[in-house]
Amino acid sequence: MLLAIDCGNTNTVFSIWDGTRFLGTWRTSTEWQRTSDQYYVWLSTLMKFQGVEADITDVIISSTVPRVVFNLRVLADRYFDTRPIVVGKPDCLLPVDVRVDEGTAVGPDRLVNTVAGHDLYGGDLIIVDFGTATTFDVVDTDGAYIGGVIAPGVNLSLEALHNAAAALPHVDISKPQAVIGTNTVSCIQSGIFWGYVGLVREICARIKAERGREMRVIATGGLAPLFQQTVDLFDAYQDDLTMHGLTVIYNYNKDTA
């Protein structure tokens with residue numbers, strides 16, 4: 001029974017995998033001060049509330065926030081009596097190559113998404129992840145991670161706009177009825193929504209042109225469903241891509257141990 005933990009800059013997701021399916025998935029805000037005891041009380045309470053009974057034997061962690069990893073390691077050791085697999089550490093093996101400039105540290109979440117994308121869809125992929133940052137990960141024909149693009153995230157852009165311009169309100173992102181806004185809120189929503197549609201289209205087109213081949217575009221992340229409403233922007237949407245990747249990496253490490 002596997003506990004998969006995906007720690008992002010904004011949220012941390014816990015999922016329990018029984019080898020064939022996820023029994024439950026829970027999300028909390030990412031806070032490096034949170035102790036292993038707090039994690040356990042929170043997780044065990046939610047499991048009990050939803051009637052999830054699981055004897056967790058293994059833990060795998062992907063974290064873009066290094067300061068959080070220590071307490072997650074303690075959680076695995078103290079409450080589940082196991083040494084966790086931590087993506088990005090030397091002892092965590094990946095089923096795909098990473099071909100980037102020497103000395104470059106690739107975010108664990110991007111490696112996990114690459115593994116998941118290749119496992120589900122094969123090679124020649126562009127994986128667009130709408131997280132705190134909007135990232136584009138390029139997966140080669142053989143599944144290798146070969147680089148990508150990082151842009152500010154949608155909510156980050158909205159927050160920056162609100163903070164930098166005192167007269168502009170904070171708005172929730174949604175697909176506007178028309179491109180031309182007739183009030184301040186609709187103007188901002190149009191700029192953000194259609195601006196990011198244009199960003200995704202242009203970056204994906206340039207990646208394909210640079211690679212000189214057709215590539216499938218896979219979307220994931222919290223805001224991906226919103227942008228999926230735009231015709232032909234993505235070839236597929238996968239809401240649990242990162243969690244699937246963690247199970248693939250876990251199985252690969254167990255098989256090669």
Side-chain angles (χ1 to χ4, degrees), residues 4 6-13 15 22 25 27 30 62-64 87 95-96 98 106-141 143-159 172-176 179 189-211 213-249:
D6 172 35
C7 177
N9 290 297
T10 304
N11 292 313
T12 301
V13 181
S15 289
F22 288 111
T25 297
R27 185 181 300 267
T30 298
S62 169
S63 177
T64 59
V87 180
V96 300
V98 180
V106 181
D109 56 330
R110 306 182 77 181
L111 298 177
V112 174
N113 284 348
T114 296
V115 170
H118 182 247
D119 183 68
L120 292 171
Y121 301 100
D124 291 325
L125 304 176
I126 302 169
I127 299 174
V128 185
D129 189 348
F130 291 91
T132 305
T134 300
T135 59
F136 300 74
D137 298 318
V138 183
V139 183
D140 207 349
T141 307
Y145 175 84
I146 58 173
V149 177
I150 301 176
V154 176
N155 286 320
L156 193 63
S157 296
L158 280 168
E159 196 66 33
D172 293 326
I173 181 63
S174 65
K175 184 178 181 179
V179 176
Q189 288 176 333
S190 183
I192 292 292
F193 182 84
W194 293 113
Y196 271 85
V197 168
L199 180 144
V200 171
R201 284 195 192 279
E202 182 67 13
I203 288 179
C204 289
R206 288 183 174 271
I207 290 174
K208 292 176 184 179
E210 193 169 289
R211 296 284 293 154
R213 66 188 68 184
E214 280 300 312
M215 305 181 73
R216 282 183 290 180
V217 180
I218 313 301
T220 191
L223 287 176
L226 173 66
F227 290 93
Q228 192 186 19
Q229 299 176 30
T230 303
V231 179
D232 297 332
L233 197 58
F234 310 120
D235 295 301
Y237 162 67
Q238 195 75 34
D239 64 341
D240 61 350
L241 188 70
T242 304
M243 283 302 166
H244 178 76
L246 286 174
T247 66
V248 175
I249 294 172

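Computed from heavy atoms alone, side chains included, the values below leave out hydrogens, waters and symmetry copies.
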Visitor: Nearest 0.5 Å, please: how far is CD1 in Ile218 from CG in Asn113?
Guide: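 One finds 11.0 Å between CG of Asn113 and CD1 of Ile218.
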Visitor: Indicate the atoms forming the closest heavy-atom contact of His244 with Asp119, along with that distance.
Guide: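 Between these two residues, the closest heavy atoms are NE2-OD2, 2.7 Å.
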Visitor: I need the Leu111 CG to Tyr145 OH distance, nearest 0.5 Å.
Guide: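 These two atoms lie 7.5 Å from each other.
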Visitor: Please say which of Lys208, His118, Arg211, Glu214 ends up in a side-chain contact (heavy atoms from CB on, under 4.5 Å) with Asp124.
Guide: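 For Asp124, the side-chain contact (heavy atoms from CB on, under 4.5 Å) check succeeds only for Arg211.
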Visitor: Taking the basic N atoms (NZ, or NE/NH1/NH2) and the acidic carboxylate oxygens, is any pair closer than 4.0 Å for Glu210 and Arg206?
Guide: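 No, no charged N to carboxylate O under 4.0 Å.
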Visitor: Judged by atom type as modelled, is there a donor-acceptor pair below 3.5 Å linking the side chain of Thr134 to the main-chain atoms of Phe130?
Guide: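 The answer is no, because no donor-acceptor pair under 3.5 Å joins these two groups.
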Visitor: What is the minimum heavy-atom distance between Pro176 and Ser190, and which atoms define it?
Guide: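 Where Pro176 meets Ser190 most closely, the heavy atoms are CG-CA, 3.7 Å.
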Visitor: How many angstroms lie between atom CZ of Phe136 and atom CD1 of Ile207, to the nearest 0.5 angstrom?
Guide: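 It comes to 7.0 Å.
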Visitor: State which residue, out of Thr25, Asp240, Thr242, Asp6, fulfils the side chain to side chain donor-acceptor pair (under 3.5 Å) condition with Ser15.
Guide: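 Only one of Thr25, Asp240, Thr242, Asp6 forms a side chain to side chain donor-acceptor pair (under 3.5 Å) with Ser15, namely Thr25.
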Visitor: Indicate the ring-plane relationship of Phe193 and Phe227, choosing parallel, tilted or perpendicular according to the 30° and 60° boundaries.
Guide: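 Parallel, since the angle between the ring planes stays under 30°.
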Visitor: For Gly143 and Thr114, work out which heavy atoms get closest and say how close.
Guide: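 Minimum heavy-atom contact is O-CG2, 3.5 Å.
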Visitor: Is any side-chain heavy atom of Asn155 less than 4.5 Å from a side-chain heavy atom of Leu223?
Guide: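 Sidechains of Leu223 and Asn155: in contact.
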Visitor: So, taking the atom named CZ in Arg216 and the one named OH in Tyr121, what distance separates them when rounded to the nearest 0.5 Å?
Guide: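 Going from the CZ atom of Arg216 to the OH atom of Tyr121 covers 8.0 Å.
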Visitor: Which atom names give the shortest non-hydrogen contact between Ser62 and Leu246, and what distance separates them?
Guide: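 So the minimum-distance heavy-atom pair works out to CB-CD2, 3.8 Å.
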Visitor: Evaluate side-chain hydrogen bond (donor to acceptor under 3.5 Å, both in side chains) for Gln238 paired with Thr220, printing each intermediate quantity in order.
Guide: CA-CA 5 Å; Gln238 195 75 34; Thr220 191; over 6 Å; no
Visitor: Any salt bridge between Arg201 and Asp232, counting N to O under 4.0 Å?
Guide: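 A salt bridge is absent here (no side-chain N lies under 4.0 Å from a carboxylate O).
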Visitor: So, taking the atom named CD1 in Ile192 and the one named CG in Asp172, what distance separates them when rounded to the nearest 0.5 Å?
Guide: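 Going from CD1 on Ile192 over to CG on Asp172, the span is 12.0 Å.
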Visitor: To check you understand the geometry: which heavy-atom pair defines the closest contact between Gly8 and Thr30, and what is its length?
Guide: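 Reported closest heavy-atom pair: O-OG1, 2.8 Å.
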Visitor: Using side-chain contact (heavy atoms from CB on, under 4.5 Å), reason through Leu226 and Lys175 one step at a time and then give a plain yes or no.
Guide: CA-CA 7 Å; Leu226 173 66; Lys175 184 178 181 179; 4.3 Å; yes
Visitor: Using 0.5 Å steps for rounding, measure from the OG1 atom of Thr10 to the CZ atom of Arg27.
Guide: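 Answer for the OG1-CZ pair, Thr10 versus Arg27, is 10.0 Å.
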Visitor: Which heavy-atom pair separates Met215 from Val139 by the least distance, and what is that distance?
Guide: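 Scanning both residues, the minimum pair turns out to be CE-O, 4.0 Å.
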